[in-house]
Number of protein chains: 2
Amino acid sequence: MKPIKISEAVVRRLPIYLRFLNELSLSNIQTVSSQDLGEKLDLNPAQIRKDLAYFGEFGRKGVGYNVDYLIEKIRQILKLDKTMNVVLVGTGNLGRALCNYSMYIKDNMKIVAVFDADPSKSGTLLNHLVVQPMQELADSVRQLDISVGIITVPASEAQKVADEFVAAGIRGILNFAPVVLKTSPGVRIHNADFTAELLSLAYYMDHHEALNEGDGER
Amino acid sequence: MKPIKISEAVVRRLPIYLRFLNELSLSNIQTVSSQDLGEKLDLNPAQIRKDLAYFGEFGRKGVGYNVDYLIEKIRQILKLDKTMNVVLVGTGNLGRALCNYSMYIKDNMKIVAVFDADPSKSGTLLNHLVVQPMQELADSVRQLDISVGIITVPASEAQKVADEFVAAGIRGILNFAPVVLKTSPGVRIHNADFTAELLSLAYYMDHHEALNEGDGER
DNA sequence: TAGATTGTTAATCGATTAACAATC
DNA sequence: TAGATTGTTAATCGATTAACAATC
């Protein structure tokens, strides 16, 4: 009935909308216009309306969007209305930091298993979870109905972990390792590569004002 | 002489090129073609050639690019040939994990000061650096010639920190807090927002295959 | 020379923005 | 009713890809 394919850029903005709407809801604000959203999120109001309209008619002309209703709808679209089980591999500093994050709960994303390639880490406790050895990955993924995997191992190990994820049946990967992963077409990879962000930030420091005269973008 | 403005998308890809070239260099590979790069990095070869050509003629027709020369050039473009001093605010799990990262050294990005809004954290040691109270921020930025700031505080505190960064003269911000920051036009903000990446990943899990038939993209 | 590969222009594709009728 | 704001179409803008002459 609606075979329109949604662009990646649109999907990427949905969590941004959701977060801000949650803030509004906490402040007991009941209605918001695309104008308001655009100002707060530095986006064009038309773009916001268009993004939302891909999924349905959520607003009321002359009025705006009901905050709580829109939250509910976006959560449905992103499938955050049911719990999504997540596995994390790599219990270094970053991996441990991510495990301790509590935000997942509200968004129904839950780290339910933790692995490390280093056998000496097996059995140690990390935020109520026992670190497991890699051999148990496939079993856990099946038994715990895990669909998403987070990679926080060194770059040199990341591809290997990705391969094991795919073999175990994982369909989505959030990759923190600074490397381009290769997987089969059905698997979705999102990169959370802050080192690249940091390096590209350097480009914009100081001396390039002369070149980028028409600056001020984000 | 070259008043062409470089698009954001181009700059974002430069660190990706650089990383892979570094790998090649370590393997003693001396020459690489845009074809090779494209295959390894999942990018169109024409795009890679065009990206590089914005900054100069780095390749040789019929031959390809000299790996070490290209590394040198990209490092110059990104200004990684001189040390860039970085400050980090927020010594929670994530902040501590970032401080312990060693990658910065190779890329000449160095965390030289660490702050926390919680006064009880002041004076504690974090990876050879003494955690400082926020009042000292502006002084440190000036004295240590810091141009980039990393924000790893909770979302509720992030805007305040960004304001203090701007007031202290910082020109680039890497923001890990899940919130859209507002600053003056001259300040560059890059978001390292893995929570958004994780939530948007959920969208692509399972039941949406039917809609996105033409899948397989990244 | 023949084969390979760049740098670059032109064509294509897709995403953003403007505009406005519909309507609350 | 008048004012506001959506949903959506059309216009614009920008980025990606294809194609190819130049040349190593």
Side-chain angles (χ1 to χ4, degrees), chain A residues 1-14 16-17 21 24 29-67 69-70 73-74 77 200 212-218, chain B residues 1-14 16-17 21 24 29-67 69-70 73-74 77 200 212-218:
Chain A
M1 224 196 166
K2 259 199 173 185
I4 320 121
K5 68 215 161 310
I6 310 295
S7 98
E8 221 163 315
V10 173
V11 176
R12 278 234 156 70
R13 283 190 290 269
L14 295 179
I16 314 291
Y17 301 155
L21 290 165
L24 293 180
I29 292 165
Q30 275 150 30
T31 301
V32 70
S33 69
S34 59
Q35 181 83 226
D36 297 340
L37 285 169
E39 273 164 31
K40 298 297 188 174
L41 302 178
D42 258 332
L43 295 170
N44 185 301
Q47 182 171 62
I48 295 174
R49 293 200 297 279
K50 202 163 194 281
D51 283 354
L52 296 173
Y54 281 116
F55 304 99
E57 305 200 357
F58 302 145
R60 285 220 300 166
K61 296 180 183 180
V63 178
Y65 299 91
N66 177 287
V67 171
Y69 179 71
L70 192 51
K73 283 300 174 186
I74 295 180
I77 294 162
S200 62
N212 300 18
E213 54 222 9
D215 203 331
E217 46 174 354
R218 340 188 33 258
Chain B
M1 218 193 172
K2 258 199 172 183
I4 322 120
K5 66 214 163 311
I6 310 295
S7 99
E8 221 164 317
V10 173
V11 176
R12 277 234 157 71
R13 283 190 290 267
L14 295 179
I16 314 292
Y17 301 156
L21 291 166
L24 292 181
I29 292 165
Q30 274 149 32
T31 300
V32 70
S33 69
S34 60
Q35 181 83 224
D36 296 340
L37 285 169
E39 273 165 29
K40 297 297 187 173
L41 302 177
D42 259 331
L43 295 170
N44 185 302
Q47 182 170 64
I48 295 174
R49 293 200 299 278
K50 201 161 194 284
D51 283 355
L52 297 174
Y54 281 117
F55 302 98
E57 305 200 357
F58 302 146
R60 285 220 300 165
K61 295 180 183 180
V63 179
Y65 299 90
N66 177 287
V67 171
Y69 179 70
L70 193 52
K73 283 300 173 185
I74 295 180
I77 295 162
S200 63
N212 301 15
E213 55 222 8
D215 204 329
E217 47 175 353
R218 343 187 29 257

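Below, chain A is the first sequence line, B the second, and so on; all start at residue 1.
Heavy atoms only, all atoms of each residue included: B:Ile48 and B:Ser34 are closest at CD1-O, 3.9 Å. Taking each heavy atom of B:Thr31 and B:Val67 in turn, the nearest pair found is N-CG2, 3.8 Å.
No side-chain heavy atom of B:Tyr17 sits under 4.5 Å from any side-chain heavy atom of B:Leu37.
Residues from residues 43-51 of chain A with heavy atoms under 4.0 angstrom of DNA chain C, sorted by number: A:Asn44, A:Ala46, A:Gln47, A:Arg49, A:Lys50.
When each of A:Arg60 and B:Ser33 is assigned the nucleotide of DNA chain C with its nearest heavy atom, B:Ser33 is the one assigned upstream, toward the 5' end.
Put simply, CG on B:Asn44 and NZ on B:Lys50 are 11.5 Å apart, with the number rounded to the nearest 0.5 Å.
On the nucleic acid side, DNA chain D has its first and last nucleotide under 4.0 Å of a heavy atom of chain B at D:dA15 to D:dC24, going 5' to 3'.
Counting only Watson-Crick or G-U wobble pairs whose defining distances are both under 3.5 Å, the stems of 3 or more consecutive pairs in DNA chain D are C:3-24 with D:3-24.
Residues that satisfy the salt bridge (Lys or Arg N to Asp or Glu O under 4.0 Å) test with A:Arg49, not counting sequence neighbours, are absent from this structure. By the side chain to side chain contact (heavy atoms under 4.5 Å, CB included) test, B:Gln35 is found to be paired with B:Ser33, B:Glu39, residues two or more places apart in sequence or in another chain being considered. B:Asp36 is linked by a salt bridge (Lys or Arg N to Asp or Glu O under 4.0 Å) to nothing, counting only residues two or more places apart in sequence or in another chain. Evaluation of the side chain to side chain contact (heavy atoms under 4.5 Å, CB included) rule for B:Phe58 yields B:Leu52, B:Phe55, B:Tyr65, B:Tyr69, B:Leu70, B:Lys73, B:Ile77 as partners, not counting sequence neighbours.
Sorted pairs that involve residues 54-66 of chain B and meet salt bridge (Lys or Arg N to Asp or Glu O under 4.0 Å), not counting sequence neighbours, are lacking altogether.
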